[in-house]
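Following: one structure in structure tokens, then a few remarks.
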Amino acid sequence: MLKALRADFKIVFERDPAARNWLEVLFCYPGLQALMFHRFAHWLWNLGLPFVPRLLSHISRFITGIEIHPGATIGHSVFIDHGMGVVVGETAIIGNYCLIYQGVTLGGTGKESGKRHPTLGENVVVGAGAKVLGNIQIGNNVRIGAGSVVLREVPSDCTVVGIPGRVVYRAGERVGPLDHDRLPDSEAQVIRALVDRIEALEEQLETLKEDKVSQKELVAIGQSSSCRLGDRVITEFLDGSGI
């Protein structure tokens, strides 16, 4: 437990450029404080001690604004940045070197028993306000954009954005964990593709009006200009697949 706490303390200086000295980090970083409470509560939870682990979790929530169930499993070198409103469920598993921002929920989707919360691999970044729900596996090196809602499993080395979360591959491009401004905007891409499609159809309609094409020719052109397989970005967005 002490080794994990030491790793949690060191990772703050690597992930937060505002961290200046150890005293400030120890007393003014609620994410670190919540992890300290949790690691002790989790140790008591594993011993089978009743009530006390949940009480420690409740006290931690009151002090830090971060709610972590004592049954959750958290690896080392995890950084919860700011952290207000973060909720981690009982059966959630968070891998090493994960970065979690404020408002994140690692929750369930119903009242099912057993494993009902997500499992995060190593080096996962979960953006502010994102919700990862259900017993799903999030692979290593995954980046989940702010405000996304993830309901399906995500392979390693992917980026997820949107509601519901959609997988977007980065074509081998490596992005730093703090570069949120470089996340792809799949909704903007789809809107742009639809606008281009509307403009093309309007041009065809004007051409038909000018040429006074017969009704049969109009139907034939309409059928040939239906949504093409080439409009892949729209197809992938609508069926929720980024593969």
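For reference, positions follow the sequence shown, starting with 1.
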Count I, L, V, M, F, W, Y as connected when their side-chain heavy atoms are under 4.5 Å apart, and connections chain through other members. Are [X] and [Y] then in the same cluster?
| X | Y | answer |
| --- | --- | --- |
| Leu5 | Phe9 | yes |
| Phe13 | Met36 | yes |
| Leu35 | Val87 | no |
| Met84 | Val125 | no |

Roughly how far, to the nearest 0.5 Å, is the [atom2] atom of [Y] from the [atom1] atom of [X]?
| X | Y | atom1 | atom2 | answer |
| --- | --- | --- | --- | --- |
| Leu26 | Asn21 | CG | CG | 10.0 Å |
| Leu99 | Asp16 | CG | CG | 9.5 Å |
| Ile138 | Ile94 | CD1 | CD1 | 12.0 Å |
| Leu133 | Arg116 | CG | CZ | 13.0 Å |
| Asn141 | Thr159 | CG | OG1 | 10.0 Å |
| Leu120 | Leu106 | CG | CG | 5.5 Å |

Side chains of residues 55-63: which donor-acceptor partners sit under 3.5 Å, not counting sequence neighbours?
| from | atom 1 | to | atom 2 | distance (Å) |
| --- | --- | --- | --- | --- |
| Ser57 | OG | Ile68 | O | 2.8 |
| Arg61 | NE | Glu67 | OE1 | 3.0 |

Which pair of non-hydrogen atoms, one from [X] and one from [Y], has the smallest distance, and what is that distance?
| X | Y | result |
| --- | --- | --- |
| Gly31 | Ile66 | CA-CD1, 3.7 Å |
| Gly71 | His42 | O-CE1, 3.8 Å |
| Val160 | Ser148 | O-OG, 3.7 Å |
| Val142 | Pro155 | CG2-O, 3.2 Å |
| Glu24 | Arg20 | OE2-N, 3.8 Å |
| Val150 | Arg152 | CG1-O, 3.4 Å |

Just jot down the side-chain hydrogen bond (donor to acceptor under 3.5 Å, both in side chains) partners of [X], sequence neighbours excluded, or say none.
| X | answer |
| --- | --- |
| Lys115 | Thr119 |
| Thr91 | His117 |
| His76 | Asn96 |
| Gln33 | none |

*asked:* Tell me every residue that passes ring-ring contact (aromatic ring centres under 6.0 Å, His included) with His69, counting only those two or more places apart in sequence or in another chain.
replied: Trp45

*Identify, with sequence neighbours excluded, every residue that meets ring-ring contact (aromatic ring centres under 6.0 Å, His included) alongside Phe37.*
none

Salt bridge (Lys or Arg N to Asp or Glu O under 4.0 Å): pairs with one or both residues in [range], sequence neighbours excluded:
| range | result |
| --- | --- |
| residues 123-132 | none |
| residues 119-129 | none |
| residues 27-40 | Asp8-Arg39 |

*Tell me, with the steps shown, if Cys98 and Val124 meet side chain to side chain contact (heavy atoms under 4.5 Å, CB included).*
CA-CA 5 Å; Cys98 286; Val124 175; 3.8 Å; yes

_Distance-only donor-acceptor check, side chains Asn123 and Asn140, under 3.5 Å_ = no

*How would you list, by chain and number, every residue that makes a side chain to side chain contact (heavy atoms under 4.5 Å, CB included) with Ile11, sequence neighbours excluded?*
Glu14, Arg15, Ser77, Phe79, Tyr97

_Residue list, side chain to side chain contact (heavy atoms under 4.5 Å, CB included) with Glu153, at least two apart or on another chain_ = Ile136, Gln137

_Expected output: side-chain Thr105 to main-chain Gly107 donor-acceptor under 3.5 Å_ = no

_Would the distance check show the side chain of His82 and the main-chain N or O of Tyr101 forming a donor-acceptor pair, the cut-off being under 3.5 Å?_
no

